[in-house]
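Everything numeric in this text was worked out from a predicted model, so none of it was measured. All residue numbers in this chain count up from 1 along the given sequence.
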Amino acid sequence: MKFRLATGMSILGLMLSCTTVLGGTLEGPLQIMVSKDRQELKIYDGGVVVATSRVSTGKAGHGTPTGIFSILEKKRSHFSNIYDSAPMPFMQRLTWSGIALHASNSVPSYPASHGCVRLPNDFAKTLFSVTRRGGHVLITDGEVAPQRIVHDALFRPSVVVPDTPLLSDAGLRPALIEAGDKSVEVAMTDPKPEILTPAVERTEQDPIRILVTRRGEREMLLDLQRMLTDLGYDAGVPDGRHGKQTVVAIRAFQLAEGLKEDGMVTAELLAAVYQKAGKGTPPNGQILVRQKFTPLIEEPITIREPEIALGTHFLLARDVDADKGTAEWYGVSMDNQLPKATMKRLRITTEADAEAPDAIARTLDRLDIPEETRNHISRLVSEGASLSISDTGLGPETGNGTDFITVTRKVQKADAAVVQGKKKKKKKSSITVVN
């Protein structure tokens with residue numbers, strides 16, 4: 001528990017004095033929560049609050065987006081390239097479109113910024129010293145707090161048994177050269193039962209980021225292009241685009257199979273191509289993994305009861321013990337109102353209830369991840385690994401040089417209803433993970 005001790009001592013300094021400078025990066029990941037309705041930032045160590053600060057988020061017309069973010073860039077001295085080179089000391093960028101945490105001389109405990117999250121100078125300086133690029137920041141409208149989640153579907157580090165040859169497989173040779181052609185007796189004992197000491201695959205690199213979501217048009221088109229080509233209908237290089245060559249290949253398949261020859265990508269077409277290729281039914285989910293903002297894994301999964309929304313959830317791995325193959329996961333569920341058009345496109349008829357006490361467990365119950373994919377990811381799990389779950393796939397803020405960013409939509413009951421100088425009593429909001 002070395003990192004917990006280091007975290008506790010460092011955060012104690014943070015609580016006692018915001019001017020305390022913490023050297024280096026904490027050994028354990030923290031969760032930092034930014035509540036828009038309370039205009040407050042909280043830092044969690046597991047499920048325990050260890051530090052708080054007032055903040056000032058975006059004012060009317062410049063609202064701070066809610067969702068799951070990560071620190072993309074850090075600069076001690078930065079000036080806005082949007083608002084007249086306004087100073088933004090100890091800047092920690094959350095989106096490339098201009099949202100960041102930063103220090104300010106004006107943090108009035110009500111929304112006053114142009115979208116960024118303002119922090120008091122001393123607190124911003126101290127927070128800057130304990131975060132790292134890739135650390136998560138979760139911002140929500142209603143207060144949420146990380147809870148310990150225990151579920152068989154959550155990833156644990158792999159414990160790998162080494163391939164050790166048995167003694168009985170080793171070659172034997174006479175010890176007496178002068179034995180010549182005479183038979184040689186060799187004293188042997190029955191081999192003892194093999195006792196294998198687990199060898200652990202340790203991951204000392206940056207923690208992985210995992211996203212579970214629904215398959216989008218791009219993923220379905222990639223599958224379609226590969227399978228059509230394998231079936232003899234040249235769809236060109238798989239690129240996930242509904243281009244001319246793909247349309248020609250679809251039409252040729254439809255003609256051969258007696259289907260309506262329109263070149264369109266539909267659920268019926270996908271089912272027919274999968275069946276013809278002997279691939280069963282089309283998967284409706286996707287699991288993706290990034291590390292240091294770089295894509296590593298992208299594999300299909302199955303989401304059971306697809307008509308029910310997955311919801312938006314975030315989990316962080318703590319106390320990862322590679323020797324025992326264990327990990328503790330802390331998670332939160334976030335309100336995220338899906339537009340009617342999105343629900344229709346994804347064929348969702350039942351919205352998720354983020355306030356349900358077992359919301360995360362219910363979603364995890366519905367995920368079928370192939371064993372090979374699960375083993376691959378488990379070999380990469382280390383302290384600070386995270387898992388995001390969302391219905392809406394890769395949003396516009398997720399791109400090259402980012403982690404998985406999920407921007408949530410406001411629910412009617414939870415706007416940043418903080419008027420200047422006054423707070424309405426509402427549920428708190430927001431979580432941020434610093435690794």
Side-chain angles (χ1 to χ4, degrees), residues 65-70 95 136 138-142 144 149 151 153-155 209-223 240 265 267 270 281-290 295 297-316 329 331-369 373 386-399 402-414 429-431:
T66 56
I68 303 167
F69 307 92
S70 63
T95 73
H136 291 286
L138 281 67
I139 305 173
T140 64
D141 288 302
V144 291
I149 306 296
H151 197 283
L154 292 173
F155 297 95
R209 309 305 186 195
I210 308 166
L211 172 67
V212 167
T213 188
R214 295 175 185 266
R215 298 204 95 194
E217 293 180 4
R218 172 182 168 273
E219 291 79 23
M220 290 187 293
L221 267 169
L222 283 169
D223 282 353
V265 179
L270 282 168
T281 57
N284 57 5
Q286 193 83 349
I287 189 165
L288 305 96
V289 178
R290 290 188 176 189
I297 298 171
E298 185 173 346
E299 296 291 343
I301 65 171
T302 299
I303 299 170
R304 283 180 274 114
E305 299 178 283
E307 70 280 3
I308 303 174
L310 292 172
T312 301
H313 314 282
F314 176 81
L315 299 102
L316 180 75
W329 288 88
V332 296
S333 297
M334 304 169 67
D335 280 324
N336 190 8
Q337 189 177 56
L338 297 177
K340 290 183 179 179
T342 300
M343 292 182 65
K344 182 178 179 180
R345 174 173 59 84
L346 298 176
R347 301 183 179 186
I348 295 173
T349 58
T350 304
E351 295 188 78
D353 181 5
E355 296 183 0
D358 57 350
I360 296 178
R362 285 185 181 184
T363 296
L364 293 172
D365 285 341
R366 296 163 51 203
L367 305 180
D368 289 335
I369 301 173
T373 301
S386 66
L387 169 62
S388 299
I389 301 174
S390 170
D391 288 287
T392 51
L394 300 176
E397 291 288 354
T398 298
T402 74
D403 279 331
F404 301 115
I405 298 175
T406 299
V407 177
T408 57
R409 291 174 59 90
K410 253 183 315 195
V411 294
Q412 294 179 352
K413 62 182 178 181
S429 90
S430 178
I431 284 190

Intermediate values then yes/no, side-chain contact (heavy atoms from CB on, under 4.5 Å), L211 and L394
CA-CA 9 Å; L211 172 67; L394 300 176; 3.6 Å; yes
Let's go through R214 and I348 carefully: what are the C-alpha distance in whole Å and the side-chain angles of both, what is the deciding distance for side-chain contact (heavy atoms from CB on, under 4.5 Å) to 0.1 Å, and is it a yes or a no?
CA-CA 11 Å; R214 295 175 185 266; I348 295 173; 3.7 Å; yes
With side-chain contact (heavy atoms from CB on, under 4.5 Å) as the criterion, how do V407 and F69 come out once you've worked through the C-alpha distance, each side chain's angles and the decisive distance to 0.1 Å?
CA-CA 8 Å; V407 177; F69 307 92; 4.2 Å; yes
Take Q286 and R215 through the side-chain hydrogen bond (donor to acceptor under 3.5 Å, both in side chains) test and state the conclusion after the steps.
CA-CA 5 Å; Q286 193 83 349; R215 298 204 95 194; 2.7 Å; yes
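Here T402 pairs with L72, W96, R290, T398, I405 under the side chain to side chain contact (heavy atoms under 4.5 Å, CB included) rule; sequence neighbours left out. Evaluation of the side chain to side chain contact (heavy atoms under 4.5 Å, CB included) rule for T392 yields L338, T342, S390 as partners, not counting sequence neighbours. With sequence neighbours excluded, the residues that form a salt bridge (charged side-chain N to carboxylate O under 4.0 Å, His left out) with D368 are R304. Qualifying salt bridge (charged side-chain N to carboxylate O under 4.0 Å, His left out) partners for R218, counting only residues two or more places apart in sequence or in other chains: E298. Applying the side chain to side chain donor-acceptor pair (under 3.5 Å) test to T95 and every residue at least two apart in sequence or in another chain returns S97. Applying the side chain to side chain contact (heavy atoms under 4.5 Å, CB included) rule to A354 yields the partners S333, D335; only residues at least two apart in sequence or on another chain are considered. For N284, there are no side chain to side chain donor-acceptor pair (under 3.5 Å) partners at least two apart in sequence or on another chain. Qualifying side chain to side chain donor-acceptor pair (under 3.5 Å) partners for T213, counting only residues two or more places apart in sequence or in other chains: none. Evaluation of the salt bridge (charged side-chain N to carboxylate O under 4.0 Å, His left out) rule for D358 yields R362 as partners, not counting sequence neighbours. Applying the side chain to side chain contact (heavy atoms under 4.5 Å, CB included) rule to T66 yields the partners K36, I139, D141, T408; only residues at least two apart in sequence or on another chain are considered. The side chain to side chain donor-acceptor pair (under 3.5 Å) check on E351 picks up nothing, with sequence neighbours excluded.
With hydrogens and angles disregarded, no donor-acceptor distance shorter than 3.5 Å links the side chain of T406 to the backbone of I68.
Applying the salt bridge (charged side-chain N to carboxylate O under 4.0 Å, His left out) test to every pair with at least one member in residues 305-315, sequence neighbours left out, gives no pairs at all.
Note that the CG atom of L364 and the NE2 atom of H313 stand 7.5 Å from one another [nearest 0.5 Å].
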